[in-house]
Amino acid sequence: MQRTYRAPAWAGALAGLTAGAVALGIAQLAAGIFGPRTFPVVAVGDVVVDLTPAPVKDFAINAFGANDKTVLVGGVLVVLALIAAGLGVAALRRPVYGDAGLVAFGVVGVLAVLTRPGAGVVGVVPTVAGVAAGMWTLRALVRRAGLAFGEPAAYEGADAPYEGADADADRTVAGGSAAEGEPGTPVGTGTGTVSGTGGEPEPEAMRPVVMRPGAYGAGGFDRRRLLTGVAGGVAVAGAATVLGRALGSRQAVDTARGGLALPAPATPAAPLPAGTDFRIGGLSPFVTRNRDFYRVDTALVVPQVDPRAWRLRVHGMVDRPIELTFEDLLGRPLTEADITLTCVSNPVGGEYIGNARWLGVRMADVLREAGLQSGADMLLSTSEDGFTCGTPVDVVMDGRDALFAVAMNGEVLPVDHGFPVRQVVPGLYGYVSATKWVVDVKATRFDRDEAYWTPRGWAAKAPIKTQSRIDLPRQGATLRAGRTTVAGVAWAQHTGIEAVEVRVDRGEWRRARLAAVPGPDTWRQWALDWDAVPGRHTIEVRATDAAGRTQAEQQAPPAPDGATGWHTITVQVA
């Protein structure tokens, strides 16, 4: 009789998951040394972001908001976990299956890392180290659990084990069966048996054949050793991940940032006029706090740029290419200005907009020093993380406060918002104007170069459209009958807001009162008192800019050149 053993699938899956965790942990540790963008998960995620079509990108922003990159990384990790578990199960039959799968993912990671801007050969070290660690861990866990690779093999002989009733059934003697250990009834000796009355030996009894599937060693599956091995692997993966993140943390950059003293502006912003902020609860304040200011990045990892190593190269269609250090920039006359920034992906009523007081060097001054040539119509700026942005030259040179910004709301520029230097150009959506961690500016032409989003179908030039938003009350709110306040913000940088109108239940338009503003480059608060009566009501808002253009009712999606349409909400009055 034959008895077949099979390895439990969960054992292979657990071994695969642990091997995958160790691989990522070791890769994270190495990335702490070679740079966070060499971590294969980040590199693959960045490639996914680069290849994502604009409609999918807009859906992700609308569905997940600022958490879209977190969701992407989480999705990548879930997929990797499922595949790692599958490789562990496959490796129970053949070790090459697990090895081949890990190598395949290593190749994907290496290719992704090498496509990143500024990548070098050393950038593949974290991926290679992680794959090697994963392969070793998978084999070690399988062996530790008493599992062996290979095809089923038959074993027979005196040492072949019996087990349970099947073994008892094979213990035979002439004329019947004998109990285990009974005198004269040797079991599994391979020498035959004798009759109970003496005489010639009977023919040799059939020897048991025990089938050993490739999953098991002769000693059988050792669950305890597998689980202790898994615990050790998890500990190694966790420690490597924590250490890697610590090595790649912001500590050095934060220390350098914290030690900076900002020079006084040569051209300070005027004090905000009285009545700039209505100070109504629930209404967006005129100045957005740094921690509340919106962020939309193409990179999964925020670049960590040491200001001592930072350089800004200005070249292309200029007479005198120049390179500036951070110290050079701070030594120039600084300008302070109140400017609202907004993202092209901001939908009608969206929150991807904020207003701050910026401090920086005027871009026009730097370009004049470099000798900007008359044929140039685009500035192709590049971020430390490789993102590129195409800004119209005429907008930068027309006298507005287009800045290489170094500070935000009286504070050294936060790392998440482009420290040490970012661009701030009023009147244009961020993807053509607001490059963070900027390190390179090339004077060129739109018919010669393309920026990151242009080949993806977005507008090459993107002036901000007139838009308004209802902040108070919120969509779906339940209000008490009587006098209530409807309020919000409107914007039309670099033109300015002239009027805001509100209507309820498609009645007559009523002019809202407007807050004061320091200039045309910021948003503007508005408010209207409304005598609410019981029932369900629809509230709409529209704005008119200083050029007399009133925003259209028909809504258009954000991409490729900014959202349009009235912001409409519904409320219930009790």
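Note that the numbering runs from 1 along the sequence shown for the chain.
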Exercise. Taking the six-membered ring for Trp, are Trp458 and Trp453 parallel (under 30°), tilted (30 to 60°) or perpendicular (over 60°)?
Worked result: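 Plane angle under 30°, so parallel.
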Any side-chain heavy atom of [X] sitting closer than 4.5 Å to one from [Y]?
| X | Y | value |
| --- | --- | --- |
| Pro558 | Val344 | no |
| Trp523 | Thr288 | yes |
| Pro473 | Val571 | yes |
| Thr550 | Arg542 | yes |
| Val44 | Val41 | no |

Problem set entry | Partners meeting side-chain contact (heavy atoms from CB on, under 4.5 Å) with Leu82 (sequence neighbours left out) |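 side-chain contact (heavy atoms from CB on, under 4.5 Å) check on Leu82 returns Val78.
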Exercise. Val439: what forms a side-chain contact (heavy atoms from CB on, under 4.5 Å) with it, not counting sequence neighbours?
Worked result: Trp310, Glu384
Nearest-0.5 Å distance, [atom1] of residue [X] to [atom2] of residue [Y]:
| X | Y | atom1 | atom2 | answer |
| --- | --- | --- | --- | --- |
| Phe326 | Leu312 | CZ | CG | 11.5 Å |
| Gln373 | Arg445 | CD | CZ | 11.5 Å |
| Lys442 | Leu380 | NZ | CG | 6.5 Å |
| Met317 | Thr444 | CE | OG1 | 7.0 Å |
| Leu379 | Ser433 | CG | OG | 11.5 Å |
| Ile470 | Ile569 | CD1 | CD1 | 4.5 Å |

For this session: Determine, stepwise, if the pair Arg469 / Ile353 fulfils side chain to side chain contact (heavy atoms under 4.5 Å, CB included).
Result: CA-CA 11 Å; Arg469 184 181 76 193; Ile353 182 170; 3.4 Å; yes
For this session: Output, in order, the C-alpha distance, side-chain angles, deciding distance and verdict of salt bridge (Lys or Arg N to Asp or Glu O under 4.0 Å) for Asp521 and Arg400.
Result: CA-CA 9 Å; Asp521 292 333; Arg400 71 186 71 189; 5.8 Å; no
Problem set entry | Modelled atom types, side-chain donor and acceptor of Glu351 and Asn346, under 3.5 Å |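 Their side chains do not contain a donor-acceptor pair, so the 3.5 Å distance test is not met.
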Problem set entry | Polar side chain donor-acceptor pair, Asp545 to Thr466, under 3.5 angstrom |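 Side chains of Asp545 and Thr466: pair found under 3.5 Å.
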For this session: Please name all residues satisfying ring pair (Phe, Tyr, Trp, His ring centres under 6.0 Å) with Phe293, sequence neighbours left out, ordered by chain then number.
Result: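 In terms of ring pair (Phe, Tyr, Trp, His ring centres under 6.0 Å), with neighbours along the sequence ignored, Phe293 is linked to Trp358, His417.
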Problem set entry | Test ring pair (Phe, Tyr, Trp, His ring centres under 6.0 Å) applied to His494 - qualifying residues, sequence neighbours left out | none
For this session: Determine the minimum heavy-atom distance between Thr522 and Gln493, stating which atoms define it.
Result: N-CG, 4.3 Å
Exercise. With respect to Val361, which candidate in Leu324, Val406, Leu329 satisfies the side-chain contact (heavy atoms from CB on, under 4.5 Å) definition?
Worked result: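 Exactly one candidate clears the test, Leu329.
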Problem set entry | With sequence neighbours excluded, residues passing side chain to side chain donor-acceptor pair (under 3.5 Å) with Asp377 |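 Partners of Asp377 under the side chain to side chain donor-acceptor pair (under 3.5 Å) test: none.
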For this session: Would you kindly check if the NZ (Lys) or CZ (Arg) of Arg279 is within the cone defined by 45 degrees around the ring axis of Phe286 and under 6.0 Å from the six-membered ring centre?
Result: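 No, a cation-pi geometry is absent between Arg279 and Phe286.
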Report all side-chain donor-acceptor pairs from residues 477-492 shorter than 3.5 Å, counting only partners two or more places apart or in another chain.
| residue | atom | partner | partner atom | Å |
| --- | --- | --- | --- | --- |
| Arg483 | NE | Asp531 | OD1 | 2.7 |
| Arg483 | NH2 | Asp531 | OD1 | 3.4 |

